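Take a look at this one; I'll ask things after.
Not measured: the values here are computed from a predicted model.
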2 protein chains.
Amino acid sequence: MSNINDVARLAQVSKATVSRVLSGSRGVKEESRQAVLRAAEILNYKPNAIAQSLSSQSTNCIGVICATEHIQQSTGYLQALEKQLSRHRKHLLLRFANDDKSLMHAVEELSNGMCDALVVVGARFPLPELPEEIVLIDCLNPSSGNSVQCDRIFAAETAVHYLCSQQRRNIALVNFPGGEAATLTMDGYRQALHNYVVPFNRQLVVENEPSLRIALQKLINSGVKFTALLVTNDSQAQEAVMMLNQYQLSVPEKVMVFSLDGSTRLPGASTIPAIEYPLENIARRAVELLLGERHNSDVVRGSLLIA
Amino acid sequence: MSNINDVARLAQVSKATVSRVLSGSRGVKEESRQAVLRAAEILNYKPNAIAQSLSSQSTNCIGVICATEHIQQSTGYLQALEKQLSRHRKHLLLRFANDDKSLMHAVEELSNGMCDALVVVGARFPLPELPEEIVLIDCLNPSSGNSVQCDRIFAAETAVHYLCSQQRRNIALVNFPGGEAATLTMDGYRQALHNYVVPFNRQLVVENEPSLRIALQKLINSGVKFTALLVTNDSQAQEAVMMLNQYQLSVPEKVMVFSLDGSTRLPGASTIPAIEYPLENIARRAVELLLGERHNSDVVRGSLLIA
DNA sequence: CTGTTAGCGCATTCAT
DNA sequence: ATGAATGCGCTAACAG
């Protein structure tokens, strides 16, 4: 690879002039300018990004740590993020993590000057203590300052409204395993029930079970009657549908399943109603936070998506 | 952030000694060694990756350009790749691309010294001319030297064998849109039919249609009878199942759908039989190619996956 | 064993 | 308008 010296020599100017021409700064005689551009063209010269980074004290890399548990969801975020980042000429350094330990590990490995900022996406486990400046997207627990979250209250409310409008008033909920998201979802759920004058039945809510399978099992075993089931995302919904069918609880005839996050539906989508979040918006806001254009938390509303 | 000078000063040694301790570490008096480690600990010092890269002329970044068209598939590769790369202390710089133009663009943007190597994953479109050293994973057209490909012949053969064993002998095929993958798939398909003494019927094969929807439409309209349908991946399969059901061609009773690549099934998996590829192996081989441990093409066999 | 020095490629003063 | 010099943080060659 040719470097700035090669170009300078060929163009018969100094390194400084080459740098000036290619970095946009004006105050260069048109003649030298052309000479530099020609030389660069001939040598197929690209300024070395690493040297630029060292000099400017800023790589243009953003570290993105993506939770693996709900990959289908996270992938949508990845795409949306990459799109926004590349619009800002930023690069996306990717890492996966499936628990607090590996997350922490990833954060440390990316904290050696290689990245200008970090994002954590879709972590559904309790987050460890993280550096304040990390941006959280759709994580359970906004322990850090900067975050973009989904409006869980609104989602749960909307879901309940929809189900009630479908004459399903015995609505079960398999909630998040904890964190603020769980609390907010519960709030929305209760609030909406209240609006419809449906009594709240504690037995219809399952929380803190290790898997949907177990949670749903517990719900069914309890013998409580339900005509609808709220779950936190599409993959849970898929699993729920299969299980319910096995138990002769046909979907949607006997039980209507509702996904509280169907943001990244597959092409051959299911007919399960869901709340869909605007991934582009979320990514855009996240990038704004990253680039320091704003500093606070940000809540995004999804919209009802029915077949 | 503290730098090597801070550590040297605090440890009362020179930069070189600090570097020695934290890098190769041999030939340093135990006493200085401890002093350096202590100082580094106190200052929470991490060697600056960018400076290291500039000095060593090698970032530890691998650029991965991921085709977006079949994201569900690609995501599996992404995870597997990241895992293998991090085992080798390499970082994954992610880019998405959906056609030859954006692919080329991505390649250029990553060719400024920021990456040590590049990978393209899952490109289902004809590839443009690319630098020879790029590694291709599961792409249609191995125009470049280094690539890891799926054994399409074997996949198609295996699929046909399975379907014949299920008494389905009228097997339709919606093939890849072109490239070597299409040819090989066709080869395997014909070979297996030949083995089972099933005559080859050109009408059963649809190629070069813009979407599965259209391809399948064409197949159905042609009036040709088929009791099985080979498609190239799970998302195509999903769509096919929906369409077939709409046309009263119930799956799997009337038509059995078979996915030639079901590598990244969702949790609530479907019951569609498929060929599954060992993503870990593929990623491992790709990384070997990347790190220059080998130089050639590599073909990986999948295995039959039935519910 | 260890300190000094010279790059790595570039951007940015500071003179001219 | 432009060239020479300096520094970004680190590693490696060389000289003690």
Nearest whole angstrom, please: distance from the P of D/dG9 to the CE of A/M114.
->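 Rounded to the whole Å, the gap is 16 Å.
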Hey, does the side chain of B/Q52 come within less than 4.0 Å of D/dT11's phosphate (OP1/OP2), counting only N and O?
->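 Yes, because at least one side-chain N or O of B/Q52 sits under 4.0 Å from OP1 or OP2 of D/dT11.
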Nearest-Å distance for atom pair OH/P, residues A/Y45 and C/dA11 =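 From A/Y45 OH to C/dA11 P: 6 Å.
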Given D/dA1, D/dC10, C/dG3, which nucleotide is nearest the side-chain atoms of B/N3?
->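 Between D/dA1, D/dC10, C/dG3, the one nearest the side chain of B/N3 would be D/dC10.
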NA contact type, A/V18, heavy-atom cut-off 4.0 Å: base, sugar-phosphate, or nothing?
->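 The answer is nothing, as A/V18 stays clear of every strand by at least 4.0 Å.
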Report the distance from atom CD of A/Q34 to atom C1' of D/dA1, rounded to the nearest whole Å.
->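 Nearest whole value for this atom pair: 16 Å.
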Does a salt bridge link A/D298 with A/R284, judged by any charged N lying under 4.0 Å from a carboxylate O?
->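 Salt bridge between A/D298 and A/R284, a charged N being under 4.0 Å from a carboxylate O: no.
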Say whether, by atom type as modelled, one donor and one acceptor occur between the side chain of B/S111 and the main chain of B/V107 under 3.5 angstrom.
->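 Confirmed, B/S111 side chain pairs with B/V107 backbone.
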Protein-nucleotide distance (B/L43, atom CG; D/dG9, atom P), rounded to Å |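 These atoms are roughly 14 Å apart.
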Rounded to whole angstroms, how far apart are NZ on A/K46 and P on C/dC10?
->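 Computing the A/K46:NZ to C/dC10:P distance gives 13 Å.
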Let me know the distance between CG of B/N48 and C1' of D/dC10, rounded to the nearest Å.
->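 Taking atom C1' of D/dC10 as the reference, CG of B/N48 is at 8 Å.
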Among D/dT11, C/dT13, D/dC8, the nucleotide that comes nearest once only the side chain of A/L54 is considered =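 Of the options given, the side chain of A/L54 lies nearest D/dC8.
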Does a nitrogen or oxygen in the side chain of A/S19 sit under 4.0 Å from OP1 or OP2 of C/dC10?
->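 No.
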Modelled atom types, side-chain donor and acceptor of A/S32 and A/T17, under 3.5 Å =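 Distance-only check fails for A/S32 and A/T17.
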Value in whole Å for how far the P atom of C/dT2 lies from CZ of B/R26 |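 Between P of C/dT2 and CZ of B/R26: 14 Å.
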Taking only N and O in the side chain of A/S55, is any of them less than 4.0 Å away from OP1 or OP2 of C/dC10?
->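 No.
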A/A16 side chain, from C-beta outward: closest of D/dG7, D/dG3, D/dC14 |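 Among the listed nucleotides, the one closest to the side chain of A/A16 is D/dG3.
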Is the shortest side-chain N to carboxylate O distance from A/E41 to A/R38 below 4.0 Å?
->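 No.
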Heavy atoms under 4.0 Å, any strand shown: does A/S53 hit a base, just sugar-phosphate, or nothing?
->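 Result for A/S53 = nothing.
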Please tell me which of the listed nucleotides, D/dT2, D/dT11, C/dG3, lies nearest to the side chain of A/T17?
->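 Of D/dT2, D/dT11, C/dG3, D/dT2 is nearest to the side chain of A/T17.
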A/Q57 side-chain proximity, nearest of D/dC8, C/dG9, C/dC1 |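 Of the options given, the side chain of A/Q57 lies nearest D/dC8.
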If you check the A/S32 side chain, which of D/dA1, D/dC14, C/dC10 turns out closest?
->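 Among the listed nucleotides, the one closest to the side chain of A/S32 is D/dA1.
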Heavy atoms, side chains only, cut-off 4.5 Å: are B/R301 and B/Y277 in contact?
->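 They are not in side-chain contact.
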Side-chain N or O of A/K29 less than 4.0 angstrom from OP1 or OP2 on D/dT2?
->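 Checking D/dT2 against A/K29, a side-chain N or O does come within under 4.0 Å of OP1 or OP2.
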B/I4 CD1 - D/dC8 P separation (whole Å) =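 Going from B/I4 (CD1) to D/dC8 (P), I get 13 Å.
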